[in-house]
Amino acid sequence: QMNKQITVFFVIFIFCFTGMNFALAENHFTPVYATSTLCNFYGSVQINGLDIDIGDEVGAFDPTGVCCGSYVVDKAGLYGFIAVYGDDSTSPGIDEGAESGDTITFKIWDASEQTENIAITLGPTDPIWESMALPKIVNLGVGEIVESGDINNDKKVDISDVILCLRMAISLDTVNLSTADMNNDGVVDISDVILVLRKAVGLD
């Protein structure tokens, strides 16, 4: 009986282990090394003005091109927190990740199109790596970029966008996080309506 239990456990272990490796192999971007220091980034992502899809990926790279973080999108239009790892100071001469003050660049893997794209960083925070800093909001875009708050995509933010944001906030319209989620908290609510209004009247 004991031998049978050990055999069953061993089979389950092998299945889980190989399954985990298979899942990892599905990822397009893979950090070279998960070190003990990191800086978290998150934000919205657009590809040609549309929300990034679930299953797409965001990869983070240091100035020498080393992949030091990746994130498989699990909510349309958003990525993060993505842990962007720092260089290991105990191994001089080997670049495992970012160093303080490095500007992080991002690439987007569009799974449906099977294309890798260099992203434009849209703020509001600069993509500067700092060890163990508070998470940084860095919105990303590829191709045509729709301005935050320009919900009807007419190249300006005005009262019509405020009305559209309000309709999203009260669930009358489908939510567009790329343009309406002004504070990047993953939802569209009255706080976003206020922020669109402030932008429309020139206060922000």
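We number each residue from 1, following the sequence as shown.
By the salt bridge (Lys or Arg N to Asp or Glu O under 4.0 Å) test, Asp173 is found to be paired with Arg167, residues two or more places apart in sequence or in another chain being considered.
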Practice task
Please assess Ser112 against Asp110 for the test side-chain hydrogen bond (donor to acceptor under 3.5 Å, both in side chains), listing each intermediate value before the final yes or no.
Solution key: CA-CA 6 Å; Ser112 62; Asp110 185 338; 2.9 Å; yes
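Remark: aromatic rings of Phe61 and Phe29 are close, center separation under 6.0 Å.
Between the side chains of Asp74 and Tyr71, at least one donor N or O lies within less than 3.5 Å of an accepting N or O.
You'll find the side chain of Met182 reaches within 4.5 Å of the side chain of Ser148, heavy atoms only. Thr121 is listed as a side-chain neighbour of Leu140, based on a closest heavy-atom distance under 4.5 Å. Inter-residue side-chain proximity for Ile94 and Asp88 is flagged as unmet; no heavy-atom pair is nearer than 4.5 Å.
In terms of heavy atoms, Asp154 sits closest to Asp161 at OD1-OD2, 4.3 Å. Taking all atoms of both residues into account, the shortest heavy-atom contact from Gly186 to Asp181 is N-OD2, 2.9 Å.
No donor-acceptor distance shorter than 3.5 angstrom exists from the side chain of Asp87 to the backbone of Ala98, with no hydrogens or angles considered. Under the 3.5 Å distance criterion, the side-chain polar atoms of Asp150 are left unmatched by any main-chain donor or acceptor of Val157. The backbone N or O of Tyr33 lies less than 3.5 Å from no partner atom in the side chain of Glu96, so there is not a single donor-acceptor pair. A distance-only check finds no donor-acceptor pair linking the side chain of Thr35 to the backbone of Tyr85 [under 3.5 Å].
Atom CG of Leu134 has 12 or fewer neighbouring heavy atoms from other residues, nucleotides or ligands inside a 6.0 Å radius.
Below 30°, between 30° and 60°, or above 60°: for Trp109 and His28 the angle between ring planes is below 30°, a parallel geometry.
Val45 and Val73 fall within a single hydrophobic cluster, where Ile, Leu, Val, Met, Phe, Trp and Tyr side chains are chained together by heavy-atom contacts under 4.5 Å.
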